[in-house]
Amino acid sequence: MSTVLLVLTILGSLGMFLYGMSLMSGGLQKMAGDSLRSFIAQMTSNKFKCVLTGIVVTALVQSSTATTLMLVSFVNAGLMALANAIGVIMGANIGTTVTAWIFALSFSGSSFSLGMIAVPLMFFAFILLSCKKQGLKNGGEFIMGFALLFLGLTTLRENSTILLDNEGVRLFLSKLTGWGFGSILLFMTAGACMTLMLQSSAATMAITMVLVANGYIPFTMAAAMVLGENIGTTITSNIAASVANVSAKRTARAHMLFNVFGVIWVLCLFKPFLRLIGIIVTAFGFPNPALTDFATADPETKKALIASLPYVVATLHTLFNLINTMILIWFIPIIEKVVTWMVPSPKDTEEVFRLKYIAGGPLGTSELSLNEANQEIIHFGEICYQGFDYIRQAINETDQEKFDAINEKLVKYEEITDRIEFEIASYLNEVSKGEISAASGQRMKAMYKIIGEMESLGDSGEAIGRLLKRKFIHKKSFDEDMMKRLSKMLDTVEVAYQVMIENLKNKNLEDITNATDAEYNINECRNNLREEHIVNIENNNYDYTSGVYYIDLVGELEKIGDFIINISESKLKSIK
């Protein structure tokens, strides 16, 4: 019974560790808010800045997985180029090694341990969590996560030692380590599988340090487990990207390629690489784990070796990712081509979720930067127009399952318009910090208005999706006459969209009669449909509830026309 309780305690401490890691990372991301996302988006003008960004962000949030998932979401929304995301991933792999060094401190064997202050920290965390101010609550969440992480780590280390400290376990592990290169592959696979199951390379790193620090496995096998962890950690990002767009899938594949390449070259140079690690740690006064036999070492050497092994593992982890980054940073364009080949673009649809012109930040002068912003706004308008096609599909769809799939795309487009508006507005804010003329100031003010209206177009698409979803829930439908009238309204709105794009592209726009005519036609169509609707309701020509959904839909389409005419008007003001 005591053994069962011990196993459950170990599993519980592992759960505490994982929950603490998640809580700490989540709390810090909430404290940082959009500033963390803005930092990632802005610090990507060249590949070295990309790497530095990945290091800093991952060291802060203590999770390369969290950083990678943010990148996947950025690329999925088109807010970061794939090449930049690859650079940040390289930095994230270096940044995650900070976690290994923190763990090594807790294994140091000194009188002070981070686990000792974990429980007192919970008191301060509780006080902050009890505050009404959200910022203090987030800080309390971060501290509570930090405390739980190290309390779980301490409990895991202590109870694992008790469970594993018997002759049978040592004999079993010694057999597994006696198969030469086969043992290296076995422990590497074990590291990858553990990381996959726990969804945390940090947890597997902690377990590796427990095993090696207590002499259950030699340093060689610990090194193999570290390599496996670097493969296993790529699984999470690939799972996250499985439901994302092509660019996000490519980002996840790039993460996998980076780590797999590193593991391959280390396996090819395994003994020389371990000798290099030994030379480095010997220079700092530690015994060389690659040359010291734990079983035959004298007590003093054995003690020094046990104390140093967590640091040696952390050194290996850091050096592996540093060297890998130094090699591959020069091949980012090639990696981009490889992942593009691995995940080809679909032939029937075009990827539209990417900023094309302002991803690198403002140009040398504010005037040139505004030209780039204008190009991005035109692209934004084209994205909104493509989203309108899903509105038409949703209205015409009679099968609920197919409608649900289209509605998901409407929701996705709404999220995309939100993020693109934010990115363009942030860009314009940066441009405004430079010296700009009065005309450029007026132009910039109009740009803010335009992107706000475009974001509203995305909101309208989602609102129409919600309206149609309620129609399906109440099992209502539009008859043939209703569909013909809606089709006429859709055609009229589509003409307005086309005019909007035309005006946005016109550098010398002097007149927007085309836009006012389109707006007039939309209003006239709406008024005619409304009058016909009243007559049909009075004559009981169709179901009243269906008629309500129908006329609400007409009203939403008319609102789209209002947003569109506002865009053309703002464009005209920006030129005058």
Side-chain angles (χ1 to χ4, degrees), residues 17-18 20-29 32 36 39-40 43 50-72 85-107 114 142 145-146 149-150 153 188 191-192 194-196 198-209 222-223 225-240 251-252 254-263 266 277 310-329:
F17 172 91
L18 290 170
M21 175 69 76
S22 175
L23 201 63
M24 184 177 72
S25 177
L28 186 59
Q29 290 180 64
L36 183 62
F39 176 75
I40 295 176
M43 286 290 292
C50 291
V51 172
L52 180 62
T53 301
I55 294 172
V56 172
V57 172
T58 307
L60 287 174
V61 302
Q62 287 294 294
S63 172
S64 61
T65 299
T67 304
T68 305
L69 291 180
M70 275 193 280
L71 291 176
V72 167
I86 294 171
V88 179
I89 284 172
M90 291 180 179
N93 277 271
I94 298 174
T96 195
T97 64
V98 174
T99 309
W101 286 100
I102 295 174
F103 290 171
L105 285 173
S106 68
F107 282 87
L114 290 170
F142 169 76
F146 182 86
L149 187 152
F150 285 101
L153 184 61
M188 186 181 75
M194 288 172 64
T195 304
L196 176 59
L198 300 174
Q199 291 290 289
S200 170
S201 60
T204 312
M205 177 64 70
I207 293 171
T208 303
M209 286 188 174
M225 287 188 71
V226 170
L227 296 181
E229 291 156 18
N230 279 276
I231 293 177
T233 193
T234 65
I235 305 297
T236 303
S237 57
N238 277 274
I239 292 173
T251 305
H255 188 202
M256 180 185 70
L257 277 181
F258 176 84
N259 285 11
V260 169
F261 173 81
V263 168
V266 169
I277 300 295
Y311 294 104
V312 177
V313 171
T315 301
L316 182 144
H317 193 205
T318 302
L319 196 64
F320 165 79
N321 284 293
L322 272 175
I323 295 175
N324 211 24
T325 299
M326 290 167 62
I327 294 172
L328 291 179
I329 192 173

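Predicted, not measured: the structure shown is a model, and the values here were computed from it.
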Heavy-atom nearest pair, I207 first then M194, reads CD1-CE, 3.4 Å
Of the non-hydrogen atoms in F320 and N259, which two are nearest, and what is the gap between them?
-> CZ-O, 4.2 Å
Is the side chain of T208 donor-acceptor paired with the backbone N or O of T204 at a distance under 3.5 Å, no angle test?
-> yes
Backbone N/O of I231 and side chain of T234: donor-acceptor pair under 3.5 Å = yes
Do W101 and T318 have side-chain atoms, one donor and one acceptor, less than 3.5 Å apart?
-> yes
Rounded to the nearest 0.5 Å, the NE2 atom of H255 sits from the CE atom of M90 at a distance of 10.5 Å
Where is the tightest heavy-atom contact between N324 and G262, given as atom of each residue plus distance?
-> OD1-CA, 3.3 Å
Closest non-hydrogen atom pair between A254 and I86, with its separation = CB-CG1, 3.6 Å
To the nearest 0.5 Å, how far apart are CD in E229 and CE in M205?
-> 4.5 Å
Sorted by chain and residue number, the side-chain hydrogen bond (donor to acceptor under 3.5 Å, both in side chains) partners of N230 (sequence neighbours excluded) come out as none
Contact summary for N321 and F258, nearest pair of heavy atoms | OD1-CE2, 4.1 Å
Could you tell me which residues satisfy side-chain contact (heavy atoms from CB on, under 4.5 Å) with I55, sequence neighbours excluded, listed by chain and number?
-> V51, I94
Listed by chain and number, what are the side-chain contact (heavy atoms from CB on, under 4.5 Å) partners of L319, not counting sequence neighbours?
-> F273, L276, I277, I280, I323
So, for L316 and A223, which heavy atoms are closest and what is the spacing to 0.1 Å?
-> CD1-CB, 3.4 Å
Atom CG in L227, atom NE2 in H317: separation rounded to 0.5 Å?
-> 9.5 Å
